[in-house]
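Per chain, numbering begins at 1; letters A, B, ... match sequence-line order.
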Amino acid sequence: MSDQRELAAQFDQLAALMEITGANGFRVSAARRVARVLQEFDGDLRELAETPGGLEAMDGIGKGSAERIRQWCRTGRLEGRDRIAAEVPDGLIGLLDISGLGPKTVGRLWREAGVTDTATLREAINDGRLASLPRMGAKTIANISDSLDFAAKAAQRTSIGAALPLATQLCAALASVPGTTRIDWAGSLRRGCETIGDIDLLAISGDPTCLIAAFTTQPGVTKVLAAGDTKASVRLNDQIQIDLRVVPEQEFGAAWLYFTGSKEHNVALRHRAQQRNLRLNEYGLFPDDGEESPPQDRGKRPIASQTEQDIYEALELPWRPPELRESRDGITEPPPDLITVEDICRDLHTHTTASDGHLSIRDMAEEAIRRGFDSLAITDHSRSSVQANGLDADRLRSHIEAIREVDASLPEITLLAGSEVDIHADGRLDYDDEILAMLDIVVASPHAALKQSPDDATARLIEAASHPLVHIIGHPTGRMIGRRPGLEPDMRALCAAAAAHGTALEINANPKRLDLCDRHVRIALECGGLISINTDAHQAGHFDFLRYGVLTGRRGTLTAEACINAWPLSRLLEWLDRGS
DNA sequence: GCCGTTTTCGGCCCGACTGTTTTCAGTCG
């Protein structure tokens with residue numbers, strides 16, 4: 001784990017412990033903000049710490065935190081964290097993740113009932129200690145107990161690959177409820193995050209009661225967490241929480257903006273509103289009349305509320321795509337013209353039955369034609385990927401022949417004979433140059449030795465990216481989300497080398513990978529590099545992964561111009577010939 | 001703890017829902 005990720009985790013723990021001990025909420029938020037800033041930082045933390053004023057120049061890091069970061073660099077200890085951890089049991093931090101338990105309650109459970117972690121909480125419920133506390137009724141205890149069970153069996157976060165299809169299906173089902181005129185998703189799903197905590201739905205309905213009733217009684221609901229006049233939350237199949245909010249049509253934009261987030265983006269917009277004597281909430285943008293109570297409750301009319309565009313415009317800001325509403329994104333800069341799924345003309349990394357795919361060359365080509373692609377690269381595994389039935393040089397030669405034959409029979413599409421060539425731990429490629437030169441396209445990917453040191457990984461990937469016959473580095477880190485971190489190369493150095501040699505870096509669109517990730521895409525683009533979005537399809541359905549790759553690219557500020565899959569075919573073919 | 005086009009003090013987003021208690025605290029997003 002990099003320095004900044006490790007230290008970010010410590011600041012987060014510090015914030016949680018402070019919260020439980022009742023520290024000032026703003027100081028808690030400040031610590032969380034430092035953690036977020038560190039999480040987003042991609043350079044060399046120790047180097048920055050030694051640069052006078054370097055840390056302080058980062059938004060959210062003041063004098064105090066800067067000094068503590070420097071001290072951590074010297075000693076490996078975060079001042080304050082150890083002290084507070086000595087007083088407060090670490091296990092309490094995990095309790096904050098239990099739905100319905102906040103810092104106040106966790107603090108009370110600890111002080112008044114001796115609870116120190118999930119196990120002792122369960123004991124305290126069972127032996128009646130909890131029931132003896134004030135403001136701890138039967139219903140509250142039942143809810144805590146239920147949340148404990150849920151937390152024990154549910155996955156922490158859901159892959160966007162599961163959440164997006166589910167949201168699509170839910171919206172389709174609820175759209176048919178009488179009175180519903182619009183339903184859409186918001187939240188981290190709309191921002192295209194790689195994992196989703198829960199799914200937020202937003203609807204316009206003339207009959208909210210009916211819609212909420214349909215929502216809370218739909219098939220798969222295992223618990224109704226809340227059900228009010230305009231808002232409801234359910235747990236679906238004991239796996240994921242779904243929130244629904246119903247609003248009138250004229251407030252949809254304000255609500256969509258609000259529930260899409262991110263939280264930091266909302267705060268920035270509210271701040272902008274305040275500076276202009278305006279007040280922004282989920283009902284609209286109102287003139288600030290100095291009254292404390294919500295303006296909509298006093299019959300005030302908003303100056304903007306129906307669409308997001310109206311609100312940004314009234315704040316004199318450019319509309320931002322949801323993918324660029326994270327804490328790292330400003331609000332004033334006009335966003336770039338982001339790439340869309342429709343811009344993509346081809347997939348340049350796919351597999352067939354020659355290695356570990358499920359379809360023949362022809363079946364893959366026909367699927368690509370159905371999806372409107374102008375070309376398709378067939379890139380089966382190289383010989384070292386034995387588990388994936390990788391091709392040795394002889395099999396590869398005949399495979400190239402076979403690809404050319406199918407290509408000649410299909411005028412609708414151009415097939416490129418390629419290979420996904422293993423990058424060995426030392427940076428050498430799995431085929432000789434003589435073989436590589438026969439291919440139309442070479443995707444070089446790391447598959448083994450994914451735990452090597454950052455220095456070795458950097459050298460390995462730079463060597464591959466500098467090879468004159470390599471066009472694309474496939475899934476550069478080899479990570480699997482939530483399962484393995486993969487390589488941790490010096491991404492800026494890798495991106496600079498790739499850009500210098502005209503080698504594209506892949507966004508592998510498989511939702512389990514999304515590699516490069518959004519942050520790394522930004523670095524690649526800052527270095528002037530090229531990106532390739534590919535699905536790594538092993539069967540027809542895998543082409544659907546494309547949208548996850550595009551969302552990740554958009555979160556990384558990718559435009560069609562910088563993505564070789566969006567270029568006109570002639571330009572791509574010219575580029576592929578380069579240097580060979 | 002951080003920040004500042006009203007800057008070194010004073011403010012820091014805002015509202016729905018629940019449970020338990022009679023007016024609101026806590027949690028969530």
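Atom P of nucleotide B:dC17 and atom CG of A:Asp198 are separated by 16 Å, given to the nearest angstrom. Between the NZ atom of A:Lys104 and the P atom of B:dT18 there is a distance of 21 Å, rounded to whole Å. One atom, CZ of A:Arg276, and another, P of B:dT5, lie 12 Å apart when rounded to the nearest Å. When the C1' atom of B:dT27 is taken as reference, atom CD1 of A:Ile20 falls 15 Å away, rounded to whole Å.
The side chain of A:Asp59 approaches B:dC3 more closely than any other nucleotide in the set B:dT21, B:dC3, B:dG29. Residue A:Thr230 places its side chain closer to B:dA16 than to any other of B:dC3, B:dA16, B:dG19. When distances run from any side-chain atom of A:Arg68 to the nucleotides B:dT18, B:dC14, B:dG1, the shortest one goes to B:dG1. In the set B:dG15, B:dC3, B:dG1, B:dG1 carries the atom at the smallest distance from any side-chain atom of A:Arg27. Comparing atom distances between the A:Phe26 side chain and each of B:dC3, B:dG1, B:dG19 picks out B:dG1 as nearest. Nearest nucleotide to the A:Gln241 side chain, out of B:dC3, B:dG19, B:dG29: B:dG29.
An OP1 or OP2 oxygen of B:dC13 is reached within less than 4.0 angstrom by no side-chain nitrogen or oxygen of A:Asn266. Proximity of A:Asn143 to the phosphate of B:dG19: a side-chain N or O atom is located under 4.0 Å from OP1 or OP2. For the OP1/OP2 pair of B:dT20 and a distance below 4.0 Å, the side-chain nitrogens and oxygens of A:Thr140 include at least one atom meeting the criterion. Note on A:Ser99: every side-chain N or O is 4.0 Å or more away from OP1 and OP2 of B:dT27. The phosphate of B:dT27 has OP1 or OP2 within less than 4.0 Å of a side-chain N or O from A:Thr105. Regarding contacts with the backbone of B:dG15, a side-chain N or O of A:Arg279 is found under 4.0 angstrom from either OP1 or OP2.
When both distances must be under 3.5 Å, the Watson-Crick or G-U wobble mate of B:dA25 is B:dT18.
Residue A:Ala227 is classed as a sugar-phosphate contact, given heavy-atom separations below 4.0 Å to backbone atoms only. At the heavy-atom level, A:Leu96 lies nowhere under 4.0 Å from the strands shown. As judged by a 4.0 angstrom heavy-atom cut-off over every strand, A:Leu269 is placed among residues making no nucleic acid contact. At the heavy-atom level, A:Glu264 lies nowhere under 4.0 Å from the strands shown. Using a 4.0 Å heavy-atom cutoff across all strands shown, A:Ser65 reaches sugar-phosphate atoms only and no base atom.
Using atom C1' as the reference point in both B:dT8 and B:dG15, the two lie 33 Å apart (nearest Å). One C1' atom belongs to B:dC9, the other to B:dA16, and the distance between them is 34 Å to the nearest Å. Between B:dC17 and B:dC13, the distance separating the two P atoms is 22 Å to the nearest Å. Across B:dT23 and B:dT18, the matching C1' atoms stand 15 Å from one another, rounded to whole Å. Distance check on atom P: B:dT20 versus B:dC14 gives 30 Å, rounded to whole Å. When the C1' atom is used for both B:dT7 and B:dC2, the distance is 13 Å, rounded to whole Å.
When the nearest nucleotides of DNA chain B are assigned to A:Gln274 and A:Ile61 by heavy-atom distance, the more 5′-ward of the two goes with A:Ile61. Comparing A:Ala138 and A:Leu280 against DNA chain B, the residue whose closest nucleotide sits nearer the 5' end is A:Leu280.
Cation-pi contact between A:Arg245 and A:Phe259: absent, since separation from the ring centre below 6.0 Å together with deviation from the ring axis within 45° is not met.
Between A:Tyr312 and A:Trp319, the two ring planes are perpendicular [angle over 60°; tilted spans 30° to 60°].
Counting heavy atoms from C-beta on, the side chains of A:Glu249 and A:Thr181 never come closer than 4.5 Å.
The only option from A:Gln13, A:Arg68, A:Met18 that meets the side-chain contact (heavy atoms from CB on, under 4.5 Å) definition with A:Arg81 turns out to be A:Gln13. Checked against A:Glu194 for a salt bridge (Lys or Arg N to Asp or Glu O under 4.0 Å), the options A:Arg479, A:Arg157, A:Arg555 give a single hit: A:Arg479.
Residue A:Tyr258 places no side-chain atom within donor-acceptor reach of the base of B:dG15, judged by atom type and a 3.5 Å distance cut-off alone.
A donor and an acceptor atom, one from each side chain of A:Gln296 and A:Asn281, are located under 3.5 Å apart. No side-chain N or O of A:Asp518 forms a donor-acceptor pair with one of A:Thr552 less than 3.5 Å apart.
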